[in-house]
Amino acid sequence: MGLFSIFNKADRENHLIEYRVGQEWHYHTRKNEEDSTLIIVKIEPEEDDFIVHIHVSGVQLATAHTTSGFVEYISHLPLSQEALLASITHLKNDRCAMPDYEFGYVRWKSAYDENKAGVFSIPLNEILNYLEKGIKTE
């Protein structure tokens, strides 16, 4: 059964994209990160929506905290379904090797359960800009 088969009839009639754990997607990237992709690592229900957990590779977040001067991947980001759908462009791989995301997920989940963390509801390229500003000021 596909993920969207549990949604209401209006959603199915809108031909929403079906996404699953293990898929690798191209998305609306930032300039000079055109080869960056995201992998869906976990999907969990949340009230009337889903939280889609992703791993992002091929980014170049500037930071002074690495020898290369860049963070090249993000092991875990929680997105709303709306943010994911606003981000992805086309499927690259329907089934790929799962990256290591558990450490980031467990830390986020603990904070989320204590109402100390949230879910991104903006497109991924905007999230990356936000994160880059944060690591530049650390």
Side-chain angles (χ1 to χ4, degrees):
M1 170 169 48
L3 176 62
F4 286 103
S5 62
I6 63 174
F7 287 171
N8 65 40
K9 183 179 178 185
D11 285 343
R12 287 194 306 269
E13 289 174 355
N14 286 333
H15 305 289
L16 293 175
I17 298 167
E18 186 172 337
Y19 56 89
R20 292 184 301 278
V21 170
Q23 290 178 327
E24 183 176 17
W25 287 86
H26 291 281
Y27 66 95
H28 298 287
T29 62
R30 302 181 320 156
K31 186 176 180 176
N32 298 320
E33 295 177 339
E34 290 81 7
D35 292 332
S36 177
T37 59
L38 67 85
I39 296 173
I40 299 171
V41 295
K42 186 173 186 69
I43 300 171
E44 60 186 328
E46 177 66 23
E47 296 177 21
D48 295 332
D49 200 2
F50 289 89
I51 300 173
V52 183
H53 302 272
I54 64 169
H55 175 278
V56 184
S57 61
V59 295
Q60 295 181 358
L61 301 179
T63 181
H65 300 289
T66 64
T67 55
S68 69
F70 294 99
V71 171
E72 298 173 347
Y73 69 93
I74 301 169
S75 63
H76 172 259
L77 283 174
L79 276 65
S80 68
Q81 177 181 241
E82 182 178 296
L84 177 74
L85 295 176
S87 301
I88 57 178
T89 57
H90 61 281
L91 185 64
K92 178 179 180 181
N93 188 347
D94 194 44
R95 190 172 302 216
C96 62
M98 291 295 286
D100 183 17
Y101 73 93
E102 289 88 357
F103 180 76
Y105 171 77
V106 169
R107 290 183 63 194
W108 169 84
K109 182 67 170 162
S110 177
Y112 183 77
D113 289 345
E114 296 175 6
N115 294 318
K116 295 179 181 177
V119 176
F120 287 102
S121 59
I122 58 176
L124 181 53
N125 56 4
E126 293 178 31
I127 295 168
L128 296 174
N129 288 336
Y130 171 78
L131 294 174
E132 185 169 56
K133 288 177 188 173
I135 61 175
K136 280 184 177 179
T137 60
E138 288 182 351

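Numbers here simply count residues along the sequence, with the first being 1.
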Original post:
Can you list the residues that meet the ring pair (Phe, Tyr, Trp, His ring centres under 6.0 Å) rule with Tyr73, with sequence neighbours excluded?
Top reply: His55
**OP:** Write out all pairs satisfying salt bridge (charged side-chain N to carboxylate O under 4.0 Å, His left out) with one or both partners inside residues 93-108, taking only residues at least two apart or from two chains.
**Re:** Arg20-Asp94
**OP:** Could you tell me whether the side chain of Gln81 reaches within less than 4.5 Å of the side chain of Tyr19, counting heavy atoms only?
**Re:** yes
Subject >> For the student: nearest non-hydrogen atoms of Gln23 and Cys96, plus distance >> reply: C-SG, 4.4 Å
Subject >> Contacts of type ring pair (Phe, Tyr, Trp, His ring centres under 6.0 Å), residue Tyr112, not counting sequence neighbours >> reply: Trp108
Original post:
Ile122 and Ala83: which non-hydrogen atoms are nearest, and at how many Å?
Top reply: O-CB, 3.3 Å
Subject >> Pairing residues for Asn129 by the side-chain hydrogen bond (donor to acceptor under 3.5 Å, both in side chains) criterion, not counting sequence neighbours >> reply: Arg30
**OP:** Kindly give the heavy-atom pair with the smallest separation between Leu38 and Ile88, and that separation in Å.
**Re:** CD2-CG2, 3.9 Å
**OP:** Step by step, work out the side-chain hydrogen bond (donor to acceptor under 3.5 Å, both in side chains) result for Glu34 and Thr29.
**Re:** CA-CA 6 Å; Glu34 290 81 7; Thr29 62; 5.0 Å; no
**OP:** Tell me, please, which residues at least two apart from Glu114 pass salt bridge (charged side-chain N to carboxylate O under 4.0 Å, His left out).
**Re:** Lys116
Subject >> Test item: side-chain donor near acceptor, Ser36 and Tyr27, under 3.5 Å >> reply: yes
**OP:** May I ask whether Val56 and Leu131 are part of the same hydrophobic cluster, defined by side-chain heavy atoms of I, L, V, M, F, W, Y residues being less than 4.5 angstrom apart, directly or through others?
**Re:** yes
Original post:
Taking only residues two or more places apart in sequence, or in another chain, which ones meet Tyr105 in a side-chain hydrogen bond (donor to acceptor under 3.5 Å, both in side chains)?
Top reply: Glu44
Subject >> Contact summary for Glu33 and Leu61, nearest pair of heavy atoms >> reply: OE2-N, 4.3 Å
